[in-house]
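Values reported hereafter were calculated over all heavy atoms of this structure, with side chains retained and with hydrogens, waters and symmetry mates removed. Throughout, residue positions are numbered sequentially from 1 according to the sequence presented. Predicted, not measured: the structure shown is a model, and the values here were computed from it.
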Amino acid sequence: MSFIEKLFSPGHSIAWDYISSFSELHEILPHIHDFIGSCQKTRLVEIADGVWASPTASIARTAVIMPPCLIGEGAEIRHSAYIRGNAVIGDNAVIGNSCEIKNAIISDNAEIPHFNYVGDSILGYKAHMGAGAITSNVRSDKKPIVLHINGKDLHTKLHKVGAFIGDRAEIGCNAVLNPGTIIGKDSIIYPLSSVRGYVPERMIYKANGNCVQREEKYMGWKEDVLEKILSLKKKEFTLDEVYQFEDELQRLYSNNHNVQAKIRQQLQMLRDDGILEFIAPGRYRLTR
């Protein structure tokens with residue numbers, strides 16, 4: 001699994017094929033404009049020059065949207081939102097009151113609802129920004145941004161890099177994500193935090209780099225099983241194919257000693273949610 005896939009699960013953005021074509025996170029940012037220009041827009045309508053939106057998107061008349069921009073199905077662009085171009089807004093995403101977005105990919109169901117700035121950044125599936133949280137994208141000394149990942153420095157040669165926020169991450173109110181910050185899947189950032197560097201997945205960032213592991217009771221079994229299913233990259237799949245991820249799920253949930261039963265339970269929950277359908281004993285189909 002690539003580092004990009006550790007942050008963002010397949011299938012949760014119209015831009016996924018574009019995102020996954022790169023080996024380094026920062027390489028995605030300079031070419032968002034080109035992606036928007038070249039991607040298929042069969043579900044979208046050009047509502048203004050260079051601005052394509054789904055007919056099911058809700059866009060306030062007071063919102064300002066600069067081209068190029070893609071807005072997905074069921075997305076909500078609220079009062080006084082300001083989208084400055086080079087923006088991909090995913091299905092059911094929320095861009096709220098007085099929020100500013102530029103050169104960013106906002107994945108499906110992500111929420112940027114109140115007084116946020118998100119520039120030169122990527123937000124994963126169901127990532128959430130608390131009120132007033134921002135991604136700072138320029139160093140005070142104007143030097144190029146360096147990413148710090150697992151003790152290694154990656155020199156981007158870019159002067160504008162915001163944050164890379166993994167799936168289901170929660171960013172607390174008025175937090176500042178300094179240039180080049182990376183937040184892993186399912187991590188929580190406390191309000192008023194000033195964060196830099198890399199916060200691994202499933203962590204709680206409290207203050208001054210102090211992180212603790214999230215307890216298992218807060219983990220997302222259903223989301224993890226769905227992520228494994230999507231990684232198969234096929235519409236129909238078998239129960240045995242999902243069982244292949246038993247060891248990975250066991251490592252994530254070390255206190256659970258009957259992973260296969262838990263997988264079957266999550267498949268039933270995904271069926272109840274309308275995400276899967278049962279087609280034959282031990283066979284399932286994704287519905288979306």
Hydrophobic cluster membership, M129 vs I134, 4.5 Å side-chain cutoff: no
Flag side-chain contact, heavy atom, 4.5 Å: H33 against P68: yes
Nearest heavy atoms of T56 and G74, plus distance in Å: OG1-N, 2.9 Å
Worked check of side-chain contact (heavy atoms from CB on, under 4.5 Å) between K152 and L154: CA-CA 7 Å; K152 297 181 179 179; L154 180 58; over 6 Å; no
D49 vs P67 side-chain heavy atoms within contact, under 4.5 Å: no
L158 side chain reached by D120 side chain, heavy atoms, under 4.5 Å: no
Gap separating the CD1 atom of I183 from the CG atom of D167, nearest 0.5 angstrom: 13.5 Å
G274 backbone acceptor or donor facing T287 side chain under 3.5 Å: yes
Pairwise distance SG(C99) to CD(E111) - rounded to 0.5 angstrom: 11.0 Å
N/O donor-acceptor pair under 3.5 Å between D273 side chain and R271 backbone: no
L29 backbone acceptor or donor facing N103 side chain under 3.5 Å: yes
Evaluation steps, side-chain contact (heavy atoms from CB on, under 4.5 Å), between F8 and L25: CA-CA 11 Å; F8 311 117; L25 283 168; 3.9 Å; yes
K235 atom NZ: more than 12 heavy-atom contacts under 6.0 Å: yes
Plane angle bin for Y284 and F237 - parallel if under 30°, tilted between 30 and 60°, otherwise perpendicular: parallel
Contact summary for A57 and G72, nearest pair of heavy atoms: CB-O, 3.6 Å
Separation between CD of Q260 and CD of E246, rounded to the nearest 0.5 Å: 4.5 Å
Check ion pair D224-K262 (N to O, under 4.0 angstrom): no
Within-4.5 Å side-chain heavy-atom neighbours: R43 and S54: no
Backbone of G50 reached by a side-chain donor or acceptor of E46 within 3.5 Å: yes
Nearest non-hydrogen partners of I145 and P179, listed with the distance: CD1-CB, 3.6 Å
Distance-only side-chain donor-acceptor flag, Q268 / D272, under 3.5 Å: yes
Heavy-atom neighbours of R196 CZ exceed 12 at 6.0 Å: no
Sole candidate of I105, L147, I4 that passes side chain to side chain contact (heavy atoms under 4.5 Å, CB included) when paired with F164: L147
Criterion side chain to side chain contact (heavy atoms under 4.5 Å, CB included) against I275, the qualifying member of I229, L270, L267: L270
Value rounded to 0.5 Å, distance of CG in N256 from CD1 in I263: 9.5 Å
Side chain proximity check, K185 to K6, heavy atoms < 4.5 angstrom: no
same_hphob_cluster(I14, Y18) at 4.5 Å side-chain heavy-atom cutoff: yes
Verdict with reasoning, E100 to K102, per salt bridge (Lys or Arg N to Asp or Glu O under 4.0 Å): CA-CA 7 Å; E100 182 177 346; K102 57 88 67 172; over 6 Å; no
Approximate separation, where rounding is to 0.5 Å, of N174 CG and S194 OG: 12.0 Å
Where S80 and T62 come nearest, the two heavy atoms and their spacing: N-OG1, 3.2 Å
V199 and C211: CA distance, side-chain angles, deciding distance, side-chain contact (heavy atoms from CB on, under 4.5 Å) verdict: CA-CA 8 Å; V199 178; C211 292; 4.3 Å; yes
Check: H257 main-chain N/O paired with Q250 side-chain donor or acceptor under 3.5 Å: no
Heavy-atom side-chain contact between W221 and L249 under 4.5 Å: yes
N116 (side chain) donor-acceptor with A133 (main chain) under 3.5 angstrom: yes
V118 vs I165 side-chain heavy atoms within contact, under 4.5 Å: no
Whether F22 and H31 hold their rings parallel, tilted or perpendicular, with breakpoints at 30° and 60°: parallel
Interatomic distance, I83 atom CD1 to C69 atom SG [nearest 0.5 angstrom]: 4.5 Å
Hydrophobic cluster membership, I28 vs L123, 4.5 Å side-chain cutoff: no
Hydrophobic cluster membership, Y243 vs V259, 4.5 Å side-chain cutoff: yes
For the student: nearest non-hydrogen atoms of I106 and A93, plus distance: CG2-CB, 4.2 Å
Any donor-acceptor N/O pair, Y198 side chain to G184 backbone, under 3.5 Å: no
Minimum heavy-atom distance I36-K41, with the two atoms named: O-NZ, 2.7 Å
Linked, directly or transitively: F3 and Y125 (ILVMFWY side chains, under 4.5 Å): no
Exam field: side chain S121 to backbone A163, donor-acceptor pair closer than 3.5 Å: yes
Test side-chain contact (heavy atoms from CB on, under 4.5 Å) applied to Y205 and S193, step by step: CA-CA 8 Å; Y205 183 101; S193 297; 3.9 Å; yes
Basic-acidic side-chain contact under 4.0 Å: R168, E223: no
Backbone of A169 reached by a side-chain donor or acceptor of D186 within 3.5 Å: no
Any donor-acceptor pair under 3.5 Å from Y190 side chain to A175 backbone: no
Side-chain heavy-atom pair E76, V94 within 4.5 angstrom cut-off: yes
